[in-house]
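Just below is one structure, and these are the notes that go with it.
Computed from a predicted structure; not experimentally measured. First listed ligand is number 1; within each ligand, the first listed atom is number 1. Just so you know, these numbers use all the heavy atoms, side chains as well, and skip hydrogens, waters and symmetry mates.
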Amino acid sequence: MTATRPLILAIESSCDETAAAVVRDGREVLADIVATQHDLHERYKGVVPEIASRAHVERIVPVVREALATAGVDAAELDAVAVGHRPGLIGSLLVGVSAAKAIAWSLGVPFLGVDHVAAHLFAGLLEREPCAYPALGLVVSGGHTSLYLVRDPLTLVRLGATIDDAIGEAFDKAATILGLGYPGGPKVDALARRGNDRAHDLPLIRLRRDESGERRLDFSFSGLKTALLYATRGVPERRPAGAPRGEPPRFPRSADLLDDRAKADLAASFERVAVEHVLHNVREACRRHRVATLLVGGGASANTRLRAELADLAAEERLDLRIPPFRWCLDNAAMIGGYAAYRLAQGESDRLDLPPEPLSALR
Ligand code: KG4
Ligand code: ZN
């Protein structure tokens with residue numbers, strides 16, 4: 001046991017990736033295994049919870065074994081076992097949480113449940129030197145779009161969050177509207193690179209001010225998604241009087257009629273506005289809070305335009321930008337091991353009856 005540089009086995013199974021990693025000292029990633037299930041869910045155009053949990057059951061033990069073998073670590077050398085225990089699909093979480101508890105119990109080492117959203121925020125610190133605090137934290141994932149004031153890794157104050165869709169979810173829906181398939185974010189990103197981002201004047205969202213007159217730092221993407229739908233397929237006919245409720249709206253045209261060029265223009269215009277909305281709030285938060293660092297994480301932080309614009313903003317505001325390389329933007333277990341180390345260093349751990357939870361405590 002190396003108490004000063006703890007060796008943590010981390011597990012992640014909250015959605016459709018079965019992942020295990022071995023992380024030393026919260027930063028050094030000795031192994032990082034991700035078994036994706038995209039092929040199983042593609043034909044349903046989204047994650048099917050029951051299929052996801054069954055696939056986790058089949059994969060969890062081989063993935064953990066592979067992580068230990070890749071790291072060249074014997075289970076007896078581990079100092080702790082960590083798992084993402086919230087938020088996520090409950091059946092999926094149960095598999096990883098049960099596996100982590102069983103391994104921790106059998107080895108007699110501490111067990112830690114980690115909030116997946118917090119772990120995304122600190123993924124940009126893996127394999128890097130520690131950063132200065134306070135920091136601003138931006139999570140942009142399939143389930144969350146939130147801004148935090150990060151006083152230290154264990155003290156996060158939420159400044160704003162989405163009031164409807166998360167940005168990754170909006171990218172996925174944009175892909176469905178444009179007929180691009182699943183998973184949508186990377187497909188919209190690739191198509192947008194070839195489009196004219198000014199071709200469509202989609203609306204930039206402005207939320208009302210709060211009671212004190214301050215502009216809210218919350219996010220909203222559902223209006224933009226509807227604007228993209230109408231720009232793509234036209235405004236639907238009004239439901240005739242007396243027509244049964246629940247009938248799907250009838251659009252003047254189908255997305256199938258659009259050529260690649262037209263779809264690229266729509267994707268680029270959508271992406272421009274979505275990114276501008278995020279940047280607006282980050283810039284405003286920088287104005288209100290004196291911070292040294294900008295921590296960014298979550299699946300949508302893989303987006304080409306968002307990364308470029310955040311880099312420009314960080315340079316302007318003289319912020320130390322910590323955005324993960326692509327493999328750690330998406331769900332992975334290395335970030336779980338990284339965040340668990342902060343808690344372990346404070347002497348924290350969890351009881352073996354810690355339940356998996358569908359929601360984040362940081363919402
Ligand atoms: O963090 P993540 O793997 O899962 C959650 O915790 O939700 O995020 C997945 C989300 C998906 O909605 C996906 O479409 C989005 O991240 N995403 C992207 C890109 N790559 C993944 N969105 C925009 N551009 C991308 N390049
Ligand atoms: Zn995630």
>> Are there over 12 heavy-atom neighbours, none belonging to Arg151, within less than 6.0 Å of that residue's CZ?
In response: no

> Between Phe270 and Phe171, does the ring centroid distance fall short of 6.0 Å?
Replying inline: yes

>> Give the atom numbers and elements of ligand 1 that come within less than 4.0 Å of a heavy atom of Gly143.
In response: 7 (O)

> Among Gly299, Ala192, Ala123, whose heavy atom sits nearest atom 20 (N) of ligand 1?
Replying inline: Gly299

> Counting N and O atoms only, with roles assigned by atom type, does the side chain of Asn281 sit under 3.5 Å from a partner on the main chain of Leu217, one being a donor and the other an acceptor?
Replying inline: yes

> Relative to ligand 1, is Asp189 under 4.0 angstrom through side chain, backbone, both or neither, heavy atoms considered?
Replying inline: side chain

> Does the N or O separation between Gly168 and ligand 1 drop below 3.5 Å for any pair?
Replying inline: yes

> Which residue holds the protein heavy atom closest to atom 18 (C) of ligand 1, what is that atom called, and what is the gap in Å?
Replying inline: Gly185 CA, 3.6 Å

> Going through the distances and angles, do Arg322 and Glu129 end up as a salt bridge (charged side-chain N to carboxylate O under 4.0 Å, His left out)?
Replying inline: CA-CA 10 Å; Arg322 299 301 185 96; Glu129 69 287 4; 3.3 Å; yes

> For the hydrophobic clusters of this structure (ILVMFWY residues joined by side-chain heavy atoms under 4.5 Å, transitively), does one cluster hold both Leu344 and Leu9?
Replying inline: no

>> Among all protein heavy atoms in this structure, tell me which lies nearest to atom 24 (N) of ligand 1, with the distance rounded to 0.1 Å.
In response: Asn303 ND2, 3.2 Å

> Side chains of Asp115 and Ser360: do they bring a donor and an acceptor to under 3.5 Å?
Replying inline: yes

>> With heavy-atom distances below 4.0 Å as the criterion, list the atoms of ligand 1 near Leu330.
In response: 3 (O), 21 (C)

>> With nothing but distance in play, are any N or O atoms of Phe171 less than 3.5 Å from an N or O of ligand 1?
In response: no

> Between the candidates Gly142, Gly84, Pro186, which shows the shortest non-hydrogen contact distance to atom 7 (O) of ligand 1?
Replying inline: Gly142

> What pair of heavy atoms forms the shortest contact from Ala67 to Ala31, and how long is it?
Replying inline: O-CB, 3.1 Å

> Any N/O/S of His116 under 2.8 Å from the Zn ion (ligand 2)?
Replying inline: yes

> When you measure from the Zn ion (ligand 2) to each N, O or S atom of Asp331, which atom gives the shortest distance?
Replying inline: OD1

> When you look at CZ of Arg288, are more than 12 heavy atoms from neighbouring residues, nucleotides or ligands closer to it than 6.0 Å?
Replying inline: yes

>> Counting only heavy atoms from other residues, nucleotides and ligands, does the tally under 6.0 Å from CZ of Arg27 exceed 12?
In response: yes

> What N/O/S atom of His120 is the closest to the Zn ion (ligand 2)?
Replying inline: NE2

> Roughly how far, to the nearest 0.5 Å, is CG of Asp189 from CD of Glu271?
Replying inline: 5.5 Å

> Does a donor on one side chain sit under 3.5 Å from an acceptor on the other, for Asp164 and Ser220?
Replying inline: yes

> What atoms in ligand 1 come closer than 4.0 Å to a heavy atom of His116?
Replying inline: 6 (O)

> Any non-hydrogen atom of His144 lying under 4.0 Å from ligand 1?
Replying inline: no

>> Measuring from atom 13 (C) of ligand 1, which candidate in Leu306, Asp172, Val47 has the nearest non-hydrogen atom?
In response: Asp172

>> One residue to check: Glu17. Relative to ligand 1, which of side chain, backbone, both or neither has a non-hydrogen atom less than 4.0 Å away?
In response: neither

> Which of the numbered atoms in ligand 1 are below 4.0 angstrom from a heavy atom of Ala302?
Replying inline: 20 (N), 26 (N)

>> As a check for students: among Asp331, Val139, Asn332, Val188, identify the option with a heavy atom nearest to atom 4 (O) of ligand 1.
In response: Asp331

